Amino acid sequence: MPAGAALSEPFAFTLPPAAALLAWYARQKRELPWRGETDPYRIWLSEVMLQQTTVASVGPRYARFLARFPDVGALARAPWPEVAEEWAGLGYYARARNLHAAAQAVAARGGFPRDAEGLRELPGIGAYTSAAVAAIAFGQPVLPVDGNVERVMARLAAIDTPLPAARPLLARLAGGFMADAAARAAPGDFAQALFDLGATICTPRNPACALCPWMAECRARKQGIQAELPVKAPKRARLVLHGIHFLLRDARGAIGVRLRPAEGLFGGMWELPGTPWREAPWSVADALPHAPAPGVNWREAEGVASHGLTHRELSLGLLVGRVAELPPGLSPLGAEAGLATVMRKLLALSGAGES
DNA sequence: AATCCGGGGTC
DNA sequence: GACCCAGGATT
């Protein structure tokens with residue numbers, strides 16, 4: 001045996017039979033809007049929407065997006081502000097920008113690449129999404145490894161190496177399922193069966209092992225440590241950032257907004273003008289030099305908009321004012337503009353409403 | 001390998 | 001509140 005083989009397989013672990021999971025899936029699978037779809041555009045859209053986003057959140061947005069952009073050509077032709085509007089509130093806005101760019105690339109080349117390697121070249125499609133689309137839409141024998149699959153594998157093989165360091169090992173173990181004829185014959189179903197197992201049985205907390213088709217083979221279950229796995233590295237504390245924004249109306253009542261830069265936080269989305277966000281709180285006097293127009297009689301809105309993100313906590317205050325005409329650089333806020341949720345919270349502070 | 005990037009459901 | 005979610009890009 002070559003030395004590399006021994007290093008890559010430090011755990012002598014026999015995978016449980018794929019057929020048992022597929023049989024369970026046939027009975028217990030969730031009914032989801034994208035289930036049964038094979039159109040690569042629809043599968044791709046569902047996978048991108050589901051990145052770090054719960055099924056419950058995606059459900060209503062998936063149908064709405066497809067109604068507006070029914071195929072990849074329609075999405076490719078759409079101007080960015082319409083895509084931003086349709087994605088508003090879903091978060092991780094780079095997904096929408098990459099989705100738009102990828103649609104244009106696919107339209108230009110006349111269709112989707114048919115395998116994971118080709119899909120991987122498209123913006124916003126990484127190791128997971130390329131494998132998911134290849135398996136579900138094209139029947140390629142690859143296994144997408146998401147958080148569900150990592151958790152299931154960590155428990156099956158009782159891997160106590162903390163994430164994310166354990167990720168390569170877990171992916172390697174999971175890939176072993178593609179040597180199982182039952183999984184290889186239905187890679188899309190098998191992947192989704194693993195997702196459903198992780199979502200409904202092998203859950204992060206209080207896994208329902210008694211209902212698991214692989215209970216007998218699960219090492220963590222045998223050791224009684226299933227609820228402790230996977231181990232995760234400790235998370236860093238969140239930084240609190242402060243800012244003050246300006247709600248400026250013109251004589252007709254239109255609210256002035258501007259487009260954020262394409263990169264970075266809330267990239268490409270509309271915002272109320274404001275100060276930079278920093279750790280030190282702003283006084284009104286410090287904020288005024290950042291006002292979008294001079295000589296405005298600003299009124300301080302009650303309270304602050306608090307908004308938690310993965311690595312930051314935003315605390316934003318609001319000043320409200322009126323001018324005859326919006327200054328250059330500000331556009332009137334459209335009724336359905338692409339506003340991130342934190343900006344809708346700011347608007348709500350003033351009683352301006354959200355839509 | 002670490003960090004950035006949203007928002008909501010859930011316990 | 002803390003944790004989690006059908007992750008990807010960047011450095």
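Below, read A as the first sequence line, B as the second, and so on, with proteins coming before strands; counting in each chain starts at 1. Here the structure is a predicted model, which is why all the values come from computation and not from measurement.
- Comparing B/dG7, C/dG8, B/dC5 by their closest approach to the side chain of A/Val342 singles out B/dG7.
- In this structure, A/Leu318 CG and A/Lys345 NZ are separated by 14.5 Å, a value rounded to the nearest 0.5 Å.
- Within the nucleic acid shown, A/Ala127 comes within 4.0 Å of sugar-phosphate atoms alone, with no base atom in reach, counting heavy atoms only.
- Judged by atom type and distance alone, A/Thr54 does not reach the base of B/dG9 through any side-chain donor-acceptor pair under 3.5 Å.
- Here B/dG8 presents its P atom at 15 Å from CD of A/Gln52, a figure rounded to the nearest Å.
- Looking at the side chain of A/Asn98, the nearest of the listed nucleotides B/dC5, C/dC4, C/dA9 is C/dA9.
- Shown here for A/Phe65 and A/Leu75, the closest heavy-atom pair between the two residues is CZ-CD1, 3.9 Å.
- For the ring pair (Phe, Tyr, Trp, His ring centres under 6.0 Å) with A/His290, the qualifying choice from A/Trp298, A/Trp282, A/Trp277 is A/Trp282, the only one to do so.
- Set against B/dG7, C/dC5, C/dA6, the side chain of A/Asn148 has C/dA6 as its closest nucleotide.
- The same atom, P, is picked in B/dC4 and in C/dA6; the two are 24 Å apart, to the nearest Å.
- The CZ-P distance, from A/Arg167 to C/dG8, rounds to 10 Å in whole Å.
- The side chain of A/Arg151 contributes an N or O atom lying less than 4.0 Å from OP1 or OP2 of C/dC5.
- Ring pair A/Phe195/A/Trp34: centre-to-centre distance not below 6.0 Å.
- A/Leu163 places its CG atom 13 Å from the P atom of C/dG7, with the value rounded to the nearest Å.
- Taking only side-chain atoms of A/Ser57, from C-beta outward, the nucleotide of B/dG6, B/dG8, C/dA6 with the closest atom is B/dG8.
- Note on A/Lys345: every side-chain N or O is 4.0 Å or more away from OP1 and OP2 of B/dG7.
- With C/dG7, B/dG7, B/dC4 as the choices, the nucleotide that has an atom nearest any side-chain atom of A/His311 turns out to be B/dC4.
- Each of A/Phe138, A/Phe112, A/Tyr62 was compared with A/Trp44 under the ring pair (Phe, Tyr, Trp, His ring centres under 6.0 Å) criterion, and only A/Phe112 meets it.
- Phosphate proximity of B/dG7 to A/His307: present, with a side-chain N or O under 4.0 Å from OP1 or OP2.
- Residue A/Pro144 is out of contact with every strand shown, counting any heavy-atom pair closer than 4.0 Å.
- Among the atoms of the strands shown, base atoms are found under 4.0 Å from some heavy atom of A/Trp34.
- Using C1' as the reference atom, B/dG7 and C/dT10 are 22 Å apart when rounded to the nearest Å.
- A donor and an acceptor atom sit less than 3.5 Å apart, one in the side chain of A/Thr53 and one in the base of B/dG6.
- Remark: P of C/dA6 and CG of A/Asp196 are 10 Å apart, rounded to the nearest angstrom.
- When each of B/dG6, C/dA6, B/dT10 is scored by its nearest atom to the side-chain atoms of A/Arg205, the top-ranked nucleotide is B/dT10.
- A straight line from CZ of A/Phe266 to P of B/dC4 spans 14 Å, rounded to a whole angstrom.
- Base engagement by A/Arg30 is indicated by at least one non-hydrogen atom pair under 4.0 Å involving a base atom.
- Ion pairing between a basic and an acidic side chain is recognised when a charged N comes within 4.0 Å of a carboxylate O; A/Asp196 and A/Arg30 show such pairing.
- Within 4.0 Å of A/Pro164, counting heavy atoms only, lies no atom of the nucleic acid at all.
- Among the heavy atoms of the strands, none lies under 4.0 Å from A/Leu314.
- Evaluation of atom-type donor-acceptor distances gives a pair under 3.5 Å for the side chain of A/Tyr92 against the base of B/dG6.
- Taking side-chain N and O atoms only, A/Lys232 has a distance below 4.0 Å to OP1 or OP2 of C/dC5.
- Rounding to the nearest 0.5 angstrom, the gap separating the CZ atom in A/Arg260 from the CE atom in A/Met269 is 10.5 Å.
- The side chain of A/Arg236 contributes an N or O atom lying less than 4.0 Å from OP1 or OP2 of B/dT3.
- Contact annotation: A/Arg95 does not reach the phosphate of C/dG7 (side-chain N/O to OP1 or OP2, under 4.0 Å).
- Among the protein residues, A/Ala340 comes within range of the sugar-phosphate backbone only, with heavy atoms under 4.0 Å from sugar or phosphate atoms but none that close to a base.
- Counting non-hydrogen atoms under 4.0 angstrom, A/Ile125 reaches the backbone sugars and phosphates but no base.
- Across all strands, A/Gly198 comes closer than 4.0 Å to no nucleic acid atom at all (heavy-atom distances).
- Remark: P of B/dC5 and NZ of A/Lys235 are 17 Å apart, rounded to the nearest angstrom.
- With respect to A/Glu121 and A/Arg109, no salt bridge is recorded, no charged nitrogen being found less than 4.0 Å from a carboxylate O.
- Put simply, CG on A/Leu50 is 18 Å from P on B/dG6, counting in whole angstrom units.
- Residues A/Gln51 and A/Ala56 both approach DNA chain B. Their nearest nucleotides, taken by heavy-atom distance, put A/Gln51 toward the 5′ side.
- Of the candidates B/dC4, C/dG7, B/dG6, C/dG7 carries the atom nearest the A/Thr129 side chain, counting heavy atoms from C-beta on.
- As a whole-Å value, the separation of A/Arg97 CZ from C/dT10 C1' is 13 Å.
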